[in-house]
J.: 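Structure provided below as structure tokens; questions to follow.
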Amino acid sequence: MMSDERTRHELDQLKSGIVDLYTEEELGKKLDRFHREGKPMVVKAGFDPTSSDIHLGHTVLMNKMRQFQDLGHRVAYVVGDATAMIGDPTGRNKTRKVLTRDEILDHAKTYATQAFKILDPQKTEMVFNSTWLFKLDFMKLIDLASKYNVARMLEREDFKNRFKSGDSISVHEFLYPLAQGYDSVALKADVELGGTDQIFNLLVGRKLQSDYGQEPQVVMTVPLLVGLDGVQKMSKSYGNYIGVTEPADGMFAKVMSISDDLMWNYYELLTTVPVDEIAAMKNGIQNDTIHPRDCKVNLALFITARFHGEPAAREAKENFYREIPSNLAEYPVTLPDGGLALLDLIVQIGFTESKAEARRMIQQGGTYIDAQKVSDVALKITSKDSFVLKVGKKKIGRVNFS
RNA sequence: GGAGAGGUUCCCGAGUGGCUAAAGGGGGCAGACUGUAAAUCUGUUGUCGGAAGACUACGGAGGUUCGAAACCUCCCCUCUCCA
């Protein structure tokens, strides 16, 4: 039958790059039904509005969502404004900033504009889970909570670990998976996508849906992108991320800073370069016909071009190899009558947090004025001539005096 | 409610009343090396100060003492066992 063939083809496409899939049969059935009845599936994915930046890690997931859209399905893009209030309590000593309503809306908005670099806005519905979660009264909440038990909750990796090592787990944290699962009930989701770290929550959704008499959603996870440090997952809070709105130069440079090993991971998850080409590159490096650096340059070009276009990517590459980039950040500074201590200047333009840190930078030989190493900690600037200031390997800019 | 163990700098973790801005590790940063990579090595890692030095820090508030992260009191928080 025709529909079978089509289903199989689509299934293969959707399965590529997926880590977990529960279950393939169900997904096949849903696809079949779509082909028969024409009713698009609701593909759900949730996003935490605690920060407003989308980074490359998110794009792995979004590419998959886009794939569903291209096959005619609809994406329910859930802004977790209600669940954000539960938050992630691992950093207990840090008082987590409670976001105001406005901040969340703000984040959601900038988030969306970034997301639509990848997603099809026509086929995306942005929904806030407070819409239904805030309507749950106490009785309904109890009912929801009764659908799951503690032993199973403790199966979740991070709960299990914290329980074992004797760390605190607040009761309300148990509500997080339930709330997220309830989102699926409220949306009657057909499919939910998430990173592999979400697997537990996604499966709770399946369970809850059948408890509420719905057909359980298909659950699919995509691999987590490792951050620039090569160890932890890419995340804003670890500061090891590349944001999709970052300037081309920075994006290029950041990709270049990853390790050679990590490069292959990025090739697989972030580019459309076919596997056999990737294998060929690895081979070339093995027998010394290709320099790994060149492979990384191509990777950086690919990623940068995706968000900034080809020409900008090429320019970023040139800048990367130039001693001093052509489009330096400019720092206008007012020069006081008595002159300005270099230390103060460094702090003033935000290159270091404190003067002590700036002093260290100079003492350790990481500070340059117009490519001239600065050795005098007490250096005072008296002339209004502008110069290029470099502090450490990353902070560089032109200082203009007035 | 009862018994016990704890809360130390970004994180983990040591700390005898003065020699402790506080060992050690991790992480970060800088330098060397290199491919403006990784790995490795070295240094550095509270603030102000050119420096000498000063100031602020060991859950919170008081107290003892010439002197407290360390001793006492109360409070807050976490964990374990019992109920």
Side-chain angles (χ1 to χ4, degrees), chain A residues 88-96 154 159-173 226-233 235 237-242 249-267 281-282 284-285 288-301 303-304 316-326 328 338-348 350-368 371 373-381 388-396:
Chain A
D88 172 19
T90 37
R92 260 168 304 139
N93 41 354
K94 282 175 227 145
T95 41
R96 195 181 184 86
L154 288 173
F159 286 151
K160 191 170 47 188
N161 291 343
R162 282 199 278 158
F163 188 68
K164 239 194 275 173
S165 64
D167 285 332
S168 143
I169 303 173
S170 298
V171 171
H172 78 286
E173 293 178 61
V226 177
L228 301 173
D229 54 12
V231 181
Q232 271 165 312
K233 70 166 182 176
S235 146
S237 46
Y238 296 137
N240 60 359
Y241 71 103
I242 303 179
D249 285 355
M251 204 178 254
F252 191 96
K254 279 188 179 178
V255 176
M256 289 307 286
S257 80
I258 65 173
S259 74
D260 291 356
D261 286 342
L262 188 57
M263 163 167 78
W264 305 117
N265 187 242
Y266 278 34
Y267 257 113
M281 278 190 272
K282 284 187 190 169
I285 289 170
D288 273 345
T289 50
I290 302 175
H291 197 298
R293 183 197 47 220
D294 297 331
C295 294
K296 209 180 289 172
V297 167
N298 285 335
L299 176 68
L301 277 173
I303 291 172
T304 312
K317 179 189 165 189
E318 277 165 35
N319 276 335
F320 183 73
Y321 281 106
R322 225 192 298 259
E323 285 286 306
I324 294 164
S326 57
L328 271 180
L340 182 62
L342 179 61
L343 286 180
D344 289 315
L345 173 70
I346 292 172
V347 176
Q348 200 178 319
F351 277 10
T352 65
E353 294 273 308
S354 67
K355 290 175 80 168
E357 194 185 341
R359 188 175 294 115
R360 247 175 265 135
M361 285 296 194
I362 295 173
Q363 283 163 347
Q364 293 181 138
T367 306
Y368 292 82
K373 190 189 275 192
V374 179
S375 48
D376 180 11
V377 176
L379 185 72
K380 214 165 192 190
I381 290 145
V388 175
L389 178 66
K390 183 168 179 245
V391 178
K393 12 185 173 198
K394 283 172 194 148
K395 310 281 177 53
I396 183 163

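Values in this document were obtained by computation on a predicted structure and should not be read as measured data.
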J.: Tell me whether the side-chain N/O atoms of A:Ser168 come closer than 4.0 Å to OP1 or OP2 in B:C79.
T.: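 For B:C79, OP1/OP2 do have a side-chain N/O of A:Ser168 under 4.0 Å.
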
J.: I need the A:Tyr266 OH to A:Leu228 CG distance, nearest 0.5 Å.
T.: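 If we round to the nearest 0.5 Å, A:Tyr266:OH and A:Leu228:CG are 5.0 Å apart.
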
J.: Using the C1' atom in both, what is the distance from B:A69 to B:A23, to the nearest Å?
T.: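 It comes out at 14 Å once rounded to the nearest Å.
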
J.: So, using salt bridge (charged side-chain N to carboxylate O under 4.0 Å, His left out) as the criterion, who are the partners of A:Lys395 when residues are at least two apart?
T.: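 A:Lys395 satisfies salt bridge (charged side-chain N to carboxylate O under 4.0 Å, His left out) with no residue once adjacent residues are dropped.
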
J.: Should the heavy atoms of other residues, nucleotides or ligands under 6.0 Å from NZ of A:Lys254 be counted, would the total exceed 12?
T.: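 Yes, the 6.0 Å shell around NZ holds more than 12 heavy atoms from other groups.
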
J.: If the condition is side-chain hydrogen bond (donor to acceptor under 3.5 Å, both in side chains), which residues does A:Ser375 pass it with, not counting sequence neighbours?
T.: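 Result, side-chain hydrogen bond (donor to acceptor under 3.5 Å, both in side chains) vs A:Ser375: none returned.
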
J.: Checking contacts here: which listed nucleotide (B:G35, B:G50, B:A30) is nearest the side-chain heavy atoms of A:Lys393?
T.: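 Side chain of A:Lys393 sits closest to B:A30.
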
J.: Mapping A:Gln363 and A:Asp261 to their closest nucleotides on RNA chain B, which lands nearer the 5' end?
T.: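 Looking at RNA chain B, the more 5' nearest nucleotide goes with A:Asp261.
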
J.: Using the C1' atom on both, measure B:U8 against B:C58 and round to a whole Å.
T.: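 B:U8 and B:C58 have their C1' atoms separated by 4 Å.
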
J.: Just the rounded figure in Å: distance from P of B:C11 to CD of A:Gln232.
T.: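 Rounded to whole Å, this separation is 15 Å.
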
J.: Measure the CG-CG distance between A:Leu299 and A:Asn265 for me, rounded to the nearest 0.5 Å.
T.: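 Spacing of CG (A:Leu299) from CG (A:Asn265) equals 10.0 Å.
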
J.: Mind listing the closest non-hydrogen atom pair of A:Ala300 and A:Met256 along with its distance?
T.: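 Closest approach of A:Ala300 to A:Met256, heavy atoms only: CB-SD, 4.0 Å.
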
J.: Given B:U47, B:A38, B:G35, identify the nucleotide with an atom nearest to the side chain of A:Ser259.
T.: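 Comparing B:U47, B:A38, B:G35 against the side chain of A:Ser259, the answer is B:A38.
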
J.: Tell me what A:Lys380 touches on the nucleic acid: a base, only sugar-phosphate, or nothing, going by heavy atoms under 4.0 Å.
T.: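 Result for A:Lys380 = nothing.
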
J.: Take atom CZ of A:Phe252 and atom C1' of B:G35, then tell me their distance rounded to the nearest Å.
T.: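 Rounding to the nearest Å, CZ of A:Phe252 and C1' of B:G35 are 12 Å apart.
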
J.: Rounded off to whole Å, could you give me the CG-to-C1' distance for the A:Asp167 and B:C11 pair?
T.: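 Interatomic distance, CG of A:Asp167 to C1' of B:C11: 13 Å.
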
J.: Roughly how far apart, to the nearest Å, are B:U16 and B:G25 at atom C1'?
T.: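 Each nucleotide's C1' atom is 23 Å from the other's.
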
J.: Work out how far the C1' atom of B:U56 is from that of B:C48, and round it to whole angstrom.
T.: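 Nearest-Å result for B:U56 against B:C48 at atom C1': 11 Å.
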
J.: In whole Å, what is the span from the NZ atom of A:Lys317 to the P atom of B:G35?
T.: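 A:Lys317 atom NZ is separated from B:G35 atom P by 17 Å.
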
J.: Please state how far atom CD in A:Glu357 lies from atom P in B:G31, giving the value in whole angstrom units.
T.: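 Value for this atom pair: 13 Å.
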
J.: Rounded to the Å, how far apart are A:Lys390 NZ and B:C29 P?
T.: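 Distance, rounded to whole Å: 14 Å.
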
J.: What's the separation between atom NZ in A:Lys373 and atom OG1 in A:Thr367, rounded to the nearest 0.5 Å?
T.: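 Between A:Lys373 NZ and A:Thr367 OG1, I get 9.5 Å after rounding to 0.5 Å.
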
J.: Determine which bases of RNA chain B form Watson-Crick or G-U wobble pairs with both distances under 3.5 Å, and write the result as a 5' to 3' dot-bracket string with | for other-strand partners.
T.: (((((((..(((.....[.....)))((((((.......))))))(((....)))...(((((..]....)))))))))))).

J.: Just the rounded figure in Å: distance from C1' of B:G50 to CD1 of A:Ile362.
T.: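 So the two atoms are 11 Å apart, to the nearest Å.
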
J.: Between the protein and nucleotides 42-44 of chain B, list the N/O to N/O atom pairs that are separated by less than 3.5 angstrom.
T.:
from, atom 1, to, atom 2, distance (Å)
B:G43, N2, A:Gln364, OE1, 2.8
B:U44, O4', A:Gln364, OE1, 3.2

J.: Any chance you could measure A:Met263, atom CE, to A:Arg293, atom CZ, to the nearest 0.5 Å?
T.: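 Taking CE in A:Met263 and CZ in A:Arg293, the distance rounds to 11.5 Å.
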
J.: Can you check whether A:Lys296 has a side-chain N or O nearer than 4.0 Å to OP1 or OP2 of B:A38?
T.: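 Answer no for this pair, as no side-chain N or O of A:Lys296 is under 4.0 Å from OP1 or OP2.
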
J.: Tell me: OH of A:Tyr321 to P of B:G35, nearest whole Å?
T.: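 Rounding to the nearest Å, OH of A:Tyr321 and P of B:G35 are 11 Å apart.
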
J.: If I pick the C1' atom on B:G26 and the same atom on B:U45, what distance separates them, to the nearest angstrom?
T.: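 So the two C1' atoms sit 13 Å from each other.
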
J.: Identify, with sequence neighbours excluded, every residue that meets side-chain hydrogen bond (donor to acceptor under 3.5 Å, both in side chains) alongside A:Lys233.
T.: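 Listed in chain order: A:Asp197.
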
J.: Roughly how far apart, to the nearest Å, are B:C19 and B:G67 at atom P?
T.: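 Those two atoms are separated by 15 Å.
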
J.: How close do A:Met281 and A:Cys295 get, counting heavy atoms only, and between which atoms?
T.: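 That closest heavy-atom pairing would be SD-SG, 3.6 Å.
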
J.: Can you tell which of B:U47, B:A37, B:G50 lies closest to the side chain of A:Asp260?
T.: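 Out of B:U47, B:A37, B:G50, the nucleotide with an atom closest to A:Asp260's side chain is B:A37.
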
J.: 5'-most contact on RNA chain B: A:Ser354 or A:Phe163, nearest heavy atom basis?
T.: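 So the residue in question is A:Ser354.
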
J.: Answer with base, sugar-phosphate or nothing: what part of the nucleic acid does A:Leu262 contact at a heavy-atom distance below 4.0 Å?
T.: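 Since no nucleic acid heavy atom lies under 4.0 Å of A:Leu262, the category is nothing.
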
J.: In whole Å, measure the gap between the C1' atoms of B:G46 and B:U34 for me.
T.: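 Result for the C1' pair: 34 Å, nearest Å.
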
J.: For A:Asp260, check side-chain hydrogen bond (donor to acceptor under 3.5 Å, both in side chains) against everything at least two apart and list the hits.
T.: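 A:Asp260 satisfies side-chain hydrogen bond (donor to acceptor under 3.5 Å, both in side chains) with A:Lys296 only.
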
J.: Looking only at atom P, what distance separates B:A39 and B:G15, rounded to whole Å?
T.: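 About 32 Å, rounded to a whole number of Å.
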
